Amino acid sequence: MEITFITSNAGKVREAANYLEPLGVRVVQRHVPYPEIQADTLEEVARYGVEWLSRRIDGNFFIEDSGLFINALSGFPGVYSAYVYRTVGLKGVLKLMEDSDDRRASFRSVIAYWDGEPHVFKGEVRGEITRELRGSGGFGFDPIFKPEGFSKTFAEMSVEEKNRVSHRGAALRLFCRWLKENLK
Ligand code: ITT
C-alpha cells in the first residue's frame, strides 16, 4: 500500500517512512503548500489544513502538525514553532531560556489523515531543553531537546530510537493501529 504525506519537511517523511515501511506501507512525499491558520491548538491547525487540502487533492493523504511547548515560556513557541525555528532559530530559543532553571518542555504531534473524512492521531513526549546544541541527526529543534529518562538529545539518536520515544512516533503508532483496522 502507498500513502501520501503532504509536507515540506523531509525529516518528518524519514520518520514516517521508518515507522510505516516495515508494515508494508510506502510513504510518498508531496509538497503542496496549505494554510496553517492561527489557532490555539495544533489539532485546529491540522484539521483546517486537511479539510482545505481535501478540496484540492484526490485520494487519501495525511499531514502532520507539530510543535515544541516550553513550560518556562508558557507553552511558546507551540503552534508558532515553525516560525520561531525559521527566525530566531535554536540559538535564539536557548537565549530566551538563558536565565531559566526550569528547562521542562514537550513536543506534540498531530497527524490528520483524510479518507473522505478527517481522522486525527496525537502524540506527546516530555523532556527538557538542553543548555547547548548537541548532536547532528534529526531536524528542527532536535539538538536542544532531551526526552525524559534519556541522556541523549533527539539529534543524538537514530531515527528508530527517536521514533520509539518521540511525539511523532506516538502519533504514528496510533495511526498505524487505526490503518490496520480500518483500511478502505
Ligand atoms: P510541514 O510542511 O509538514 O508543515 P514544517 O517543518 O513547517 O513542515 P510544522 O508546521 O509542523 O512543520 O512546524 C513544526 C516546527 O517544529 C518546525 O520548525 C519543525 O522543525 C519543528 N519540529 C517538529 N517536529 C520536530 C521534531 O520531531 N524534532 C525537532 N523539531 C521538530
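The figures that follow rest on heavy atoms only: side chains count, while hydrogens, waters and symmetry mates do not. Both counts, for ligands and for their atoms, begin at 1 and track the order of listing. Bear in mind that the values here come from a model prediction, so they are computed numbers and not experimental data.
- Figure legend: R108 and F69 shown as a cation-pi pair, the cationic atom lying under 6.0 angstrom from the six-membered ring centre and within 45 degrees of its axis.
- A distance-only check finds no donor-acceptor pair linking the side chain of E64 to the backbone of S109 [under 3.5 Å].
- E161 contributes a side-chain N or O that, together with a main-chain N or O of S158, makes up a donor-acceptor pair within less than 3.5 Å.
- Remark: side-chain polar atoms of E156 are paired, donor with acceptor, to backbone N or O of T153 under 3.5 angstrom.
- For the pair L94 and T130, the tightest heavy-atom approach, listed with the atom from each and the gap, is CD2-O, 3.2 Å.
- Sorted by chain and number, the residues within 4.0 Å of ligand 1 by heavy atom are T7, S8, N9, K12, Y34, E36, E64, D65, S66, S81, A82, Y85, F107, F139, G140, F141, D142, K162, H167, R168.
- In terms of modelled atom types and a separation under 3.5 Å, the side chain of D142 and the main chain of F139 share a donor-acceptor contact.
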